[in-house]
Chemist: 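The following block contains the structure, expressed as structure tokens.
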Amino acid sequence: MRGALVTGAGKRIGAAIARHLGAKGWHVFVHYNHSQPEAEDVAADIRAQGGAATAIGAALGNLEETAALAARCDAICPLGMLVNNASCFDYDTAATATAAELENAMRVNLFSPALLSQALYKGVEARGEEGLIINLADNKVFALNPDYFSYTLSKIGLQGMMQMHAMSFAPRVRVAGIAPGITLISGLQTEAEFQRTHDNNPMRHGCTPEQILNAVDFIMASPSFHGQTIVIDGGQVLQRLPRDIVLLDKLRAP
């Protein structure tokens with residue numbers, strides 16, 4: 001059995017990916033920062049279904065903790081897969097972003113994935129194995145708007161890093177990305193607001209957790225899929241919206 005580390009796996013998309021990989025025979029490391037009870041529940045669910053899982057905590061904003069995280073996992077079960085899912089998502093703009101906001105977004109969304117990816121590569125190389133890294137990006141990267149400035153900058157970096165890692169780590173480690181549009185209720189959205197924004201795209205239906213799991217399966221089952229990112233947003237990037245979809249909805253609401 002090999003290990004799969006899923007960051008930010010106590011809740012939402014990360015929890016769904018963790019449970020999915022657990023059902024496929026991976027020893028899943030359910031990473032958490034503040035969501036220890038939820039991560040423990042996810043790990044317990046995986047074990048209850050006959051799988052193997054360990055909840056493991058680390059503050060990804062602390063790069064020393066991040067650097068030690070992969071080694072802690074390897075000591076339990078050698079890592080063969082990394083899903084960089086955890087994300088800091090706070091609102092700011094180019095005019096308001098502070099040094100602290102920029103640094104935090106970069107540490108959590110970009111620097112920690114870089115360190116974890118490096119550690120996975122070194123581990124599988126030393127063992128003579130092969131590995132897989134999947135980065136959860138954002139469809140905003142492919143149709144930029146000025147909202148969530150620090151977050152978006154970090155995701156642009158993550159997309160670029162994915163391509164650089166694909167060139168550097170091949171053929172030992174395969175690297176790919178998934179860039180969803182709005183998938184779950186965000187922030188202070190109501191259910192009605194979520195449905196409007198979720199369906200505001202050419203196909204009139206947006207990304208779902210199940211579609212992200214399908215993308216994970218496709219990447220895992222496709223050995224030649226490398227250095228590319230799957231965008232799942234019903235074609236929303238084609239609309240080239242001038243603002244974040246959630247903010248546009250609130251501005252247009254009566």
Side-chain angles (χ1 to χ4, degrees), residues 1-15 17-19 21-22 26-44 46-47 51-90 99-137 150-151 154-155 157-158 160-162 164-166 168-169 172-177:
M1 182 178 290
R2 300 179 73 195
L5 170 60
V6 183
T7 64
K11 297 180 180 179
R12 295 168 66 87
I13 301 303
I17 294 172
R19 290 187 173 96
L21 295 179
W26 292 85
H27 183 123
V28 183
F29 292 96
V30 184
H31 164 264
Y32 65 87
N33 183 10
H34 300 297
S35 303
Q36 181 175 1
E38 294 89 342
E40 295 283 4
D41 287 344
V42 172
I46 293 170
R47 292 193 294 268
T54 304
I56 189 162
L60 298 185
N62 183 322
L63 298 184
E64 291 183 357
E65 288 190 30
T66 299
L69 179 57
R72 292 167 58 200
C73 296
D74 274 329
I76 299 171
C77 180
L79 284 178
M81 183 173 179
L82 167 65
V83 180
N84 286 310
N85 165 77
S87 189
C88 168
F89 183 68
D90 296 313
E101 288 169 335
L102 284 162
E103 181 177 13
N104 189 54
M106 292 297 174
R107 281 175 174 263
V108 175
N109 301 351
L110 181 58
F111 299 163
S112 62
L115 291 172
L116 292 172
S117 298
Q118 181 187 76
L120 180 131
Y121 170 72
K122 289 182 176 179
V124 298
E125 184 180 45
R127 294 189 296 270
E129 299 173 350
E130 295 182 352
L132 174 62
I133 299 170
I134 300 176
N135 296 316
L136 269 291
S150 298
Y151 166 82
S154 67
K155 290 297 184 177
L158 187 70
M161 183 187 79
M162 184 276 297
M164 296 171 74
H165 278 168
S168 297
F169 294 167
R172 182 66 66 189
V173 174
R174 197 156 54 87
V175 189

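Computed from a predicted structure; not experimentally measured. Positions are given from 1 along the sequence.
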Chemist: Between Gly8 and Ala86, what is the shortest heavy-atom contact and its length?
Modeler: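 Residues Gly8 and Ala86, closest heavy atoms: N-CB, 3.6 Å.
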Chemist: Quick one: does Phe169's side chain get under 4.5 Å of Leu120's, heavy atoms only?
Modeler: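 SC-SC contact between Phe169 and Leu120 ruled out.
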Chemist: Only counting residues at least two apart or in another chain, list the ones meeting side chain to side chain contact (heavy atoms under 4.5 Å, CB included) with Ala15.
Modeler: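 Side chain to side chain contact (heavy atoms under 4.5 Å, CB included) list for Ala15, sorted by chain: Arg19, Val42.
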Chemist: In Å, rounded to the nearest 0.5 Å, how long is the span from SG of Cys88 to CG of Leu110?
Modeler: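 With rounding to 0.5 Å, SG (Cys88) is 12.5 Å from CG (Leu110).
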Chemist: Has Met164 got more than 12 heavy atoms of other residues, nucleotides or ligands less than 6.0 Å from its CE?
Modeler: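 Open: at most 12 neighbouring heavy atoms sit under 6.0 Å from CE of Met164.
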Chemist: Mind checking whether Pro113 and Leu158 have side chains closer than 4.5 Å, heavy atoms only?
Modeler: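 In contact.
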Chemist: Is any side-chain heavy atom of Val173 closer than 4.5 Å to one of Val124?
Modeler: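 Of all side-chain heavy-atom pairs linking Val173 with Val124, at least one is under 4.5 Å.
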Chemist: Does Glu125 have any side-chain hydrogen bond (donor to acceptor under 3.5 Å, both in side chains) partners at least two apart in sequence or in another chain, and if so, which?
Modeler: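 Partners of Glu125 under the side-chain hydrogen bond (donor to acceptor under 3.5 Å, both in side chains) test: Tyr121.
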Chemist: With sequence neighbours left out, write down each residue that passes side-chain hydrogen bond (donor to acceptor under 3.5 Å, both in side chains) with Thr7, or none if nothing qualifies.
Modeler: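 Scan of Thr7 (side-chain hydrogen bond (donor to acceptor under 3.5 Å, both in side chains), adjacent residues dropped) gives none.
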Chemist: Sequence neighbours excluded, which residues qualify as side-chain hydrogen bond (donor to acceptor under 3.5 Å, both in side chains) partners of Asn85?
Modeler: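 Expected list: none.
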Chemist: Which heavy atom in Cys77 sits nearest to a heavy atom in Gly3, and how many Å separate them?
Modeler: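 What the structure gives for the nearest pair is SG-N, 3.5 Å.
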Chemist: Keeping to residues at least two apart or across chains, list the ring pair (Phe, Tyr, Trp, His ring centres under 6.0 Å) pairs with something in residues 66-89.
Modeler: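 Sorted pair list: Phe89-Tyr148, Phe89-Tyr151.
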Chemist: Going from OG on Ser35 to CD on Glu40, what distance comes out if it is rounded to the nearest 0.5 angstrom?
Modeler: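 Answer rounded to 0.5 Å: 11.5 Å.
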Chemist: Suppose we screen for side chain to side chain contact (heavy atoms under 4.5 Å, CB included). Which residues come up paired with Lys122, at least two apart in sequence or across chains?
Modeler: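 Per chain and number, Lys122 pairs via side chain to side chain contact (heavy atoms under 4.5 Å, CB included) with Gln118.
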Chemist: Go through the structure and list residues passing side-chain hydrogen bond (donor to acceptor under 3.5 Å, both in side chains) with Arg2, not counting sequence neighbours.
Modeler: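 Partners of Arg2 by the side-chain hydrogen bond (donor to acceptor under 3.5 Å, both in side chains) criterion, ordered by chain and then number, come out as Glu129.
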Chemist: Got Leu115 and Leu69 here, is their nearest side-chain heavy-atom distance under 4.5 Å?
Modeler: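 When only atoms from C-beta onward are counted, Leu69 and Leu115 do not touch, as no gap falls below 4.5 Å.
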Chemist: Residues two or more places apart in sequence or in another chain: which of them pass side chain to side chain contact (heavy atoms under 4.5 Å, CB included) with Glu101?
Modeler: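 Checked Glu101 against side chain to side chain contact (heavy atoms under 4.5 Å, CB included); matches are Asp92, Ala97, Thr98, Ser150.
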Chemist: One pair to check against side-chain contact (heavy atoms from CB on, under 4.5 Å): Ile17 and Leu136. What are the steps and the verdict?
Modeler: CA-CA 11 Å; Ile17 294 172; Leu136 269 291; 4.2 Å; yes
Chemist: Atom CG of Asn33 and atom CG of Asn62: how far apart are they, to the nearest 0.5 Å?
Modeler: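 The CG atom of Asn33 sits 10.0 Å away from the CG atom of Asn62.
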Chemist: Tell me, with the steps shown, if Thr54 and Val28 meet side-chain contact (heavy atoms from CB on, under 4.5 Å).
Modeler: CA-CA 6 Å; Thr54 304; Val28 183; over 6 Å; no
Chemist: How far apart are the closest heavy atoms of Ala4 and Trp26, and which atoms are they?
Modeler: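 Looking at all heavy atoms of both residues, the closest pair is CB-CE3, 3.7 Å.
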Chemist: Taking the side chain as every heavy atom from C-beta outward, state whether Asn109 and Asn84 have any atom pair closer than 4.5 Å.
Modeler: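 A side-chain contact under 4.5 Å is absent here.
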Chemist: Show every salt bridge (charged side-chain N to carboxylate O under 4.0 Å, His left out) that has at least one partner inside residues 102-115, sequence neighbours left out.
Modeler: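 Residue pairs passing salt bridge (charged side-chain N to carboxylate O under 4.0 Å, His left out), neighbours aside: Glu103-Arg107.
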Chemist: Within the structure provided, determine whether Leu5 and Leu116 are in side-chain contact (heavy-atom separation under 4.5 Å).
Modeler: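 The answer is yes; the side chains approach within 4.5 Å.
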Chemist: What pairs meet the salt bridge (charged side-chain N to carboxylate O under 4.0 Å, His left out) rule with one or both residues in residues 65-79, with sequence neighbours excluded?
Modeler: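 Matches after skipping sequence neighbours: Asp74-Arg127.
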Chemist: Has Arg47 got a side-chain atom pairing as donor or acceptor with Ala53's backbone, closer than 3.5 angstrom?
Modeler: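 It does hold such a pair.
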Chemist: When you compare the side chain of His31 with that of Val6, does any pair of heavy atoms fall below 4.5 Å?
Modeler: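 Heavy-atom side-chain distance check fails, nothing below 4.5 Å.
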Chemist: Is there a side-chain contact (heavy atoms from CB on, under 4.5 Å) between Val108 and Ser87? Walk through the geometry before answering.
Modeler: CA-CA 6 Å; Val108 175; Ser87 189; 5.8 Å; no
Chemist: Just to verify, what does Arg12 make a salt bridge (Lys or Arg N to Asp or Glu O under 4.0 Å) with, not counting sequence neighbours?
Modeler: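 Arg12 satisfies salt bridge (Lys or Arg N to Asp or Glu O under 4.0 Å) with no other residue.
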Chemist: Return the set of residues passing side chain to side chain contact (heavy atoms under 4.5 Å, CB included) with Ser112 (not counting sequence neighbours), or none when no residue passes.
Modeler: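 Side chain to side chain contact (heavy atoms under 4.5 Å, CB included) list for Ser112, sorted by chain: Leu60, Thr66.
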Chemist: Apply ring-ring contact (aromatic ring centres under 6.0 Å, His included) to the pair Phe29 and His27, showing each step before the final yes or no.
Modeler: CA-CA 7 Å; Phe29 292 96; His27 183 123; 4.8 Å; yes
Chemist: Are the side chains of Leu21 and Met81 in contact, using a 4.5 Å heavy-atom criterion?
Modeler: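 Side chain of Met81 against side chain of Leu21, heavy atoms only: contact under 4.5 Å found.
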